[in-house]
> 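Before I ask anything, let me first share the structure, which is written out below as structure tokens.
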Amino acid sequence: MNIEEPKKPLNFIEEIIEKDLKNKKHNGKILTRFPPEPNGYLHIGHAKSICLNFGMAQKYGGKCNLRFDDTNPVKEDVEYVDSIKEDIHWLGFDWEDREFYASDYFNQLYEWAKLLIKKGVAYVDDHSADEVSATRGTPTLPGQESPFRKRSVEENLDLFEKMKNGDFPDGTKVLRAKIDMASPNMHMRDPVMYRIKHASHHRTGDVWCIYPMYDFAHGQSDFIEGITHSLCTLEFEVHRPLYDWFLDHIIDSPEVNRSRTHQFEFARLNLNYTVMSKRLLLQLVRDGHVNGWDDPRMPTISGLRRRGFTPEAIRDFADRVGVAKRENVIDVDFLEHCLREDLNKRAHRIMGVLNPLKVVIENYPEGETDELEAINNPEDDTMGTRNVPFSKVLYIEQEDFMEDPPKKFFRLAPGREVRLRYAYFITCKEVIKDKEGNISEIICTYDPASRGGNSPDGRKVKGTLHWVSAQHAVKAEVRLYDRLFVKEDPYEYKEGENFLSNLNPESLKTTEGYIEPSVKSAQPGDKFQFERLGYFCVDPDSTPDKLVINRTVTLKDSWAKMTNKS
RNA sequence: UGCCUCGUGGUGUAACUGGCAACACGUCUGACUCUGGAUCAGAAGAGUCCAGGUUCGAGCCCUGGCGAGGCAGCCA
């Protein structure tokens, strides 16, 4: 465990686990589970839960199960099962052979339902959904008992079996727990345990036409698997009495009961400039506001992966935001900070120009090419060096030249000398404009003695620019992403509007970039830093003759910050 | 006029279970630099939602307010 000096403070879950471990509550065992419903793609909020559940298991020498909460066949699909498994593995976690489904337990659940009927604490209700709803009361008003509540055990057993056999159409009957229609906790007002759905299930096919509700499946699934700590988000807090109630009525052995599973709730992750609801994410996909679940602007795991995030960065993020019970909204900047920190250490550096400005080196021999050595990663010299070709015609970034520069502009301007990274010092001699007066190219001279980037006379230049040789550069489609929403809180909109009106119309801009030839061999998923610009990765849309590159995140830019202020 | 949970710098998370609030991110300085990146050094920023109470002493305990979130699917 952790007996070391720095001892990071424990979150409340860790405190509970350590206490339980000390008291040998579960015979010193820890077993958690990650229980997604396969009805959508996983997002960064799930990543927090995955990291927590697998992380606790790892930290305390336990295991973590993967269990699909597949109790509602009409919403679920294998497509989602597959994507969820892929995402969890990609994040770096493994459930080994412990891949379970709530549907694995349908038989057992059915038996337990009959047991509750026999105990007189469950009954078949003929009410329609509307009637059930109308008699449930409100949070401030008690509900009314159903007239079917006092059916005999025999009748209930018979009816329930007929429900199972498919004798009744959808919605005509439900099995309910007999608890307390006046309970201040709505979930205890005779909650529905089973409903009829003549729908085929992605795993059990047409074997069943009645399906258990979440509340009647989750706690028991935890119990069957021997989960010690069932971690979920805050909205399930009010379900806990019910979670316990079902178990109370199912477990008859005091010894088993002593170490049985317990639910603990933590606050879900929220990010600003982002929506996290599966329903809304689905809407974005279905209505074509983004290009699929893995659109790099989506907060889905698959979107982040395609955007160029690393699992390490996401895990670090999950670790650093912590776990507590209070509502929180985390700055997306912090997520990006964690990413930059990771990529800074590992990303191969190359040069690429996004908004090219032609530079002609007047005194450089026509047709000649020079190979200059460039460092692949200044943070890690084991990554070595590469050669970058230099020639008479180059591209630099438009923003790196100003005809009439302000005080603190360190880059190129008429008469000024700057360094081209790993290459030469150049001095701007002339600015050439087109008929409209736009700068079309600039003429410079270079100092051959500054080859490699330093001048023998020790003179200094204030600016260093990235560049690319025009004749050697590889063209690529570069996709520049920005946040999907313009508002910090996308749910804040005017009356009559919805969250879609907060979509950022400029969340994706595409441009043609010129990149140094070493990218030619890059494969989808490869990540690198374009010096001075940001981190980028190769998109799977790339083909052998067309490179598509995503901008993952920009570098911090203190010049931009300065100019934005004034 | 119900129940549950929560309320600590701008944002998160801590405070050895009562000893005058720490860490990270952000912000602002400065140093260094062949990425205006990275790195390094430093600063500002909360007196812990409010009001009482217990105590020598409270962010931690008690009482009462106020505020936020959750709960009325045959969704999970």
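We name chains A, B, ... by the order of the sequence lines, and we start the count at 1 in each one. Just so you know, these numbers come straight off a predicted model, no measurement behind them.
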> Using the P atom as the point on both nucleotides, what is the distance between rC49(B) and rA58(B), in whole Å?
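My reading of the P atoms in rA58(B) and rC49(B) gives 15 Å.
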> In terms of side-chain heavy atoms of Lys561(A), which of rC28(B), rG37(B), rU35(B) is nearest?
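When the side chain of Lys561(A) is considered, rC28(B) is the closest of rC28(B), rG37(B), rU35(B).
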> Which is true for Val74(A) with a 4.0 Å heavy-atom rule: it touches a base, it touches only sugar-phosphate, or it touches nothing?
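Touches nothing.
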> Could you tell me how the ring of Tyr80(A) sits relative to the ring of Tyr41(A): parallel (under 30°), tilted (30 to 60°) or perpendicular (over 60°)?
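Ring orientation, 0 to 90° scale: perpendicular.
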> Between rU54(B) and rC61(B), how many Å separate the two C1' atoms, rounded to a whole number?
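Pairwise C1' distance, rU54(B) against rC61(B), rounds to 8 Å.
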> Using a 4.0 Å heavy-atom cut-off across all strands, classify Arg320(A) as base, sugar-phosphate, or nothing.
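The residue Arg320(A) makes sugar-phosphate contact but no base contact.
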> Rounded to whole angstrom units, what separation is found between the CG atom of Asp319(A) and the P atom of rC25(B)?
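Distance check: Asp319(A) CG to rC25(B) P gives 14 Å.
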> Would you measure the distance from the P atom in rG26(B) across to the matching atom in rU11(B) and give it in whole Å?
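To the nearest whole Å, 16 Å.
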> For Asp370(A), check salt bridge (Lys or Arg N to Asp or Glu O under 4.0 Å) against everything at least two apart and list the hits.
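For Asp370(A), the residues satisfying salt bridge (Lys or Arg N to Asp or Glu O under 4.0 Å) (neighbours in sequence not counted) are Arg451(A).
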> Just to be sure I understand the rule, does Lys462(A) reach a base, reach only the sugar-phosphate, or reach nothing, if contact means heavy atoms closer than 4.0 Å?
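No contact at all - Lys462(A) keeps every heavy atom at 4.0 Å or more from the nucleic acid.
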> Looking only at side chains, do Asn185(A) and Ser183(A) share a donor and an acceptor under 3.5 Å apart?
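No, no side-chain donor-acceptor pair sits under 3.5 Å.
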> Output one line per pair: protein atom, nucleotide atom from nucleotides 72-75 of chain B, and distance, for all N/O pairs under 3.5 Å.
| residue | atom | partner | partner atom | Å |
| --- | --- | --- | --- | --- |
| rC74(B) | OP1 | Arg136(A) | NH2 | 3.0 |
| rC74(B) | OP2 | Arg136(A) | NH1 | 3.3 |
| rC74(B) | OP2 | Arg136(A) | NH2 | 3.2 |
| rC74(B) | N4 | His127(A) | O | 2.8 |
| rC74(B) | N4 | Ala129(A) | N | 2.8 |
| rC74(B) | N4 | Gly171(A) | O | 3.1 |
| rC75(B) | OP2 | Arg195(A) | NE | 3.1 |
| rC75(B) | OP2 | Arg195(A) | NH2 | 2.7 |
| rC75(B) | OP2 | Lys197(A) | NZ | 3.2 |
| rC75(B) | O3' | Arg195(A) | NH2 | 3.1 |
| rC75(B) | O2' | Asn72(A) | ND2 | 3.2 |

> Does the side-chain ring of Phe334(A) lie flat on the base of rG12(B), meaning centres under 5.5 Å and planes less than 30 degrees apart?
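Answer is no, no stack.
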> Rounding to an integer number of angstrom, what distance separates rU55(B) and rG18(B) when you compare their C1' atoms?
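Going atom to atom, C1' in each nucleotide, I get 9 Å.
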> Is the shortest side-chain N/O distance from Lys556(A) to OP1 or OP2 of rA38(B) below 4.0 Å?
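Checking Lys556(A) against rA38(B): at least one side-chain N or O falls below 4.0 Å of OP1 or OP2.
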> Per the salt bridge (charged side-chain N to carboxylate O under 4.0 Å, His left out) rule, what does the pair list look like for residues 339-353 of chain A, sequence neighbours excluded?
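Every pair satisfying salt bridge (charged side-chain N to carboxylate O under 4.0 Å, His left out) with a residue in residues 339-353 of chain A: Glu312(A)-Arg346(A), Arg320(A)-Glu341(A), Asp342(A)-Arg346(A).
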> If you measure from the P atom in rG45(B) to the same atom in rG53(B), how many Å do you get, rounded?
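That atom pair is separated by 30 Å.
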> With rounding to the closest Å, how many angstrom separate the P atoms on rC23(B) and rC62(B)?
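Their P atoms lie roughly 29 Å apart.
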> With Tyr514(A), which residues qualify under ring pair (Phe, Tyr, Trp, His ring centres under 6.0 Å), at least two apart?
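Result, ring pair (Phe, Tyr, Trp, His ring centres under 6.0 Å) vs Tyr514(A): Tyr395(A).
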> Checking only heavy atoms, does the side chain of Arg340(A) share a donor-acceptor pair with the base of rG37(B) at less than 3.5 Å?
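Checked by distance alone, the answer is no.
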> Compare the minimum distances between each of rG36(B), rG2(B), rU35(B) and the side chain of Pro184(A), then state the nucleotide with the smallest one.
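Nucleotide nearest to Pro184(A)'s side chain: rG2(B).
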> Could you write out each protein N or O paired with an N or O of nucleotides 67-70 of chain B at a distance under 3.5 Å?
| residue | atom | partner | partner atom | Å |
| --- | --- | --- | --- | --- |
| rG69(B) | O2' | Glu327(A) | OE2 | 3.0 |

> Out of rG36(B), rA14(B), rC25(B), which nucleotide sits closest to the side chain of Ala324(A)?
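For the Ala324(A) side chain, the nearest candidate turns out to be rA14(B).
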> Quick one: is rA76(B) close enough that its OP1 or OP2 comes under 4.0 Å of any side-chain N or O from His218(A)?
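For His218(A), the contact criterion (side-chain N or O under 4.0 Å from OP1 or OP2 of rA76(B)) is not met.
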> Report the glycosidic orientation of rU17(B): syn if within 90° of 0, anti in every other case.
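It is syn.
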> When all nucleic acid strands are considered with a 4.0 Å heavy-atom cut-off, which category describes Asp215(A): base, sugar-phosphate, or nothing?
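Nothing: the residue Asp215(A), judged by heavy atoms under 4.0 Å, touches no strand.
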> Pull up the glycosidic torsion of rG53(B) and say syn or anti, syn being anything within 90° of 0.
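Base orientation relative to the sugar is anti.
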> Considering heavy-atom distances to RNA chain B, does Lys460(A) or Glu379(A) have its closest nucleotide positioned more toward the 5' end?
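Looking at the nearest nucleotide for each, Lys460(A) comes out on the 5' side.
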> rG47(B): syn or anti, with syn meaning chi within 90° of zero?
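What rG47(B) shows is a syn base, its glycosidic angle lying within 90° of 0.
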> From the set rA38(B), rA14(B), rU35(B), return the single nucleotide nearest to any side-chain atom of Pro9(A).
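Per side-chain heavy atoms of Pro9(A), the pick is rA14(B).
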> Any salt bridge (charged side-chain N to carboxylate O under 4.0 Å, His left out) involving residues 183-197 of chain A? Give me the pairs, sequence neighbours left out, ordered by first then second residue.
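Residue pairs passing salt bridge (charged side-chain N to carboxylate O under 4.0 Å, His left out), neighbours aside: Arg149(A)-Asp190(A).
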> When you measure from the side-chain N and O atoms of Ser558(A) to the phosphate of rG37(B), is any distance below 4.0 Å, counting only OP1 and OP2?
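Answer is yes, contact under 4.0 Å.
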> For residues 69-80 of chain A, which residue pairs qualify under salt bridge (charged side-chain N to carboxylate O under 4.0 Å, His left out), counting only residues two or more places apart or in two chains?
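Passing the test, one end in residues 69-80 of chain A: no pairs.
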> Nearest to the Trp559(A) side chain among rG12(B), rG36(B), rU35(B), which nucleotide is it?
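Between rG12(B), rG36(B), rU35(B), the one nearest the side chain of Trp559(A) would be rG36(B).
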> Does the rU5(B) base have a donor-acceptor partner in the side chain of Glu265(A) within less than 3.5 Å?
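No such pair is found, so the answer is no.
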> So, Thr464(A) versus Arg421(A): side-chain donor-acceptor pair below 3.5 Å or not?
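No donor-acceptor contact under 3.5 Å links the two side chains.
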> Between rC6(B) and rU13(B), how many Å separate the two P atoms, rounded to a whole number?
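That atom pair is separated by 13 Å.
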> Between rU35(B), rU5(B), rA15(B), spot the one nearest the side chain of Glu15(A), thanks.
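For Glu15(A), the side-chain atoms sit closest to rA15(B).
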> What nucleic acid atoms does Val461(A) come within less than 4.0 Å of, heavy atoms only: base, sugar-phosphate, or nothing?
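If one applies the 4.0 Å heavy-atom cut-off, Val461(A) turns out to touch nothing in the nucleic acid.
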> Could you tell me which residues satisfy salt bridge (Lys or Arg N to Asp or Glu O under 4.0 Å) with Arg386(A), sequence neighbours excluded, listed by chain and number?
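Only Glu516(A) meet the salt bridge (Lys or Arg N to Asp or Glu O under 4.0 Å) criterion with Arg386(A).
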> Taking salt bridge (Lys or Arg N to Asp or Glu O under 4.0 Å) as the definition, give me every residue that meets it alongside Glu336(A), ordered by chain and number, with sequence neighbours left out.
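Listed in chain order: nothing, the list is empty.
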> Identify the stems formed by RNA chain B, where each pair is Watson-Crick or G-U wobble with both distances under 3.5 angstrom and a stem is at least 3 consecutive pairs.
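Stem list for RNA chain B: B:2-7 with B:66-71, B:10-13 with B:22-25, B:27-31 with B:39-43, B:49-53 with B:61-65.
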> Apply salt bridge (Lys or Arg N to Asp or Glu O under 4.0 Å) to Glu14(A) and list each qualifying residue two or more places apart in sequence or on a separate chain.
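By the salt bridge (Lys or Arg N to Asp or Glu O under 4.0 Å) rule, Glu14(A) matches Lys59(A).
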> State, without any angle test, whether Glu531(A) and Gln529(A) hold a side-chain donor-acceptor pair at a distance under 3.5 Å.
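Looking only at side-chain atoms, Gln529(A) and Glu531(A) do not form any donor-acceptor pair under 3.5 Å.
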> Between Tyr243(A) and Thr261(A), is any side-chain donor less than 3.5 angstrom from a side-chain acceptor?
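Yes, side-chain donor-acceptor contact under 3.5 Å.
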> Select base, sugar-phosphate, or nothing to describe what Pro241(A) touches, counting heavy atoms under 4.0 Å on all strands.
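Contact class for Pro241(A): none.
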> With sugar-phosphate meaning primed atoms plus P, OP1 and OP2, does Phe317(A) contact a base, only sugar-phosphate, or nothing at under 4.0 Å between heavy atoms?
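No contact.
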> Reckon Asp69(A) touches a base, only the sugar-phosphate, or nothing at all at heavy-atom distances under 4.0 Å?
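It contacts sugar-phosphate atoms only.
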> For Phe317(A), check ring pair (Phe, Tyr, Trp, His ring centres under 6.0 Å) against everything at least two apart and list the hits.
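Partners of Phe317(A) by the ring pair (Phe, Tyr, Trp, His ring centres under 6.0 Å) criterion, ordered by chain and then number, come out as Phe334(A).
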> Determine whether any donor atom in the side chain of Arg326(A) lies under 3.5 Å from an acceptor atom in the base of rU13(B), or the reverse, and answer yes or no.
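For Arg326(A), whose side chain was compared with the base of rU13(B), there is no donor-acceptor pair (under 3.5 Å).
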> Considering only atom C1', compute the distance from rU29(B) to rU48(B) and round it to an integer number of Å.
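My reading of the C1' atoms in rU29(B) and rU48(B) gives 28 Å.
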> Determine the contact category for Tyr422(A): base if any of its heavy atoms lies under 4.0 Å from a base atom, sugar-phosphate if only primed atoms, P, OP1 or OP2 are that close, otherwise nothing.
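Base contact.
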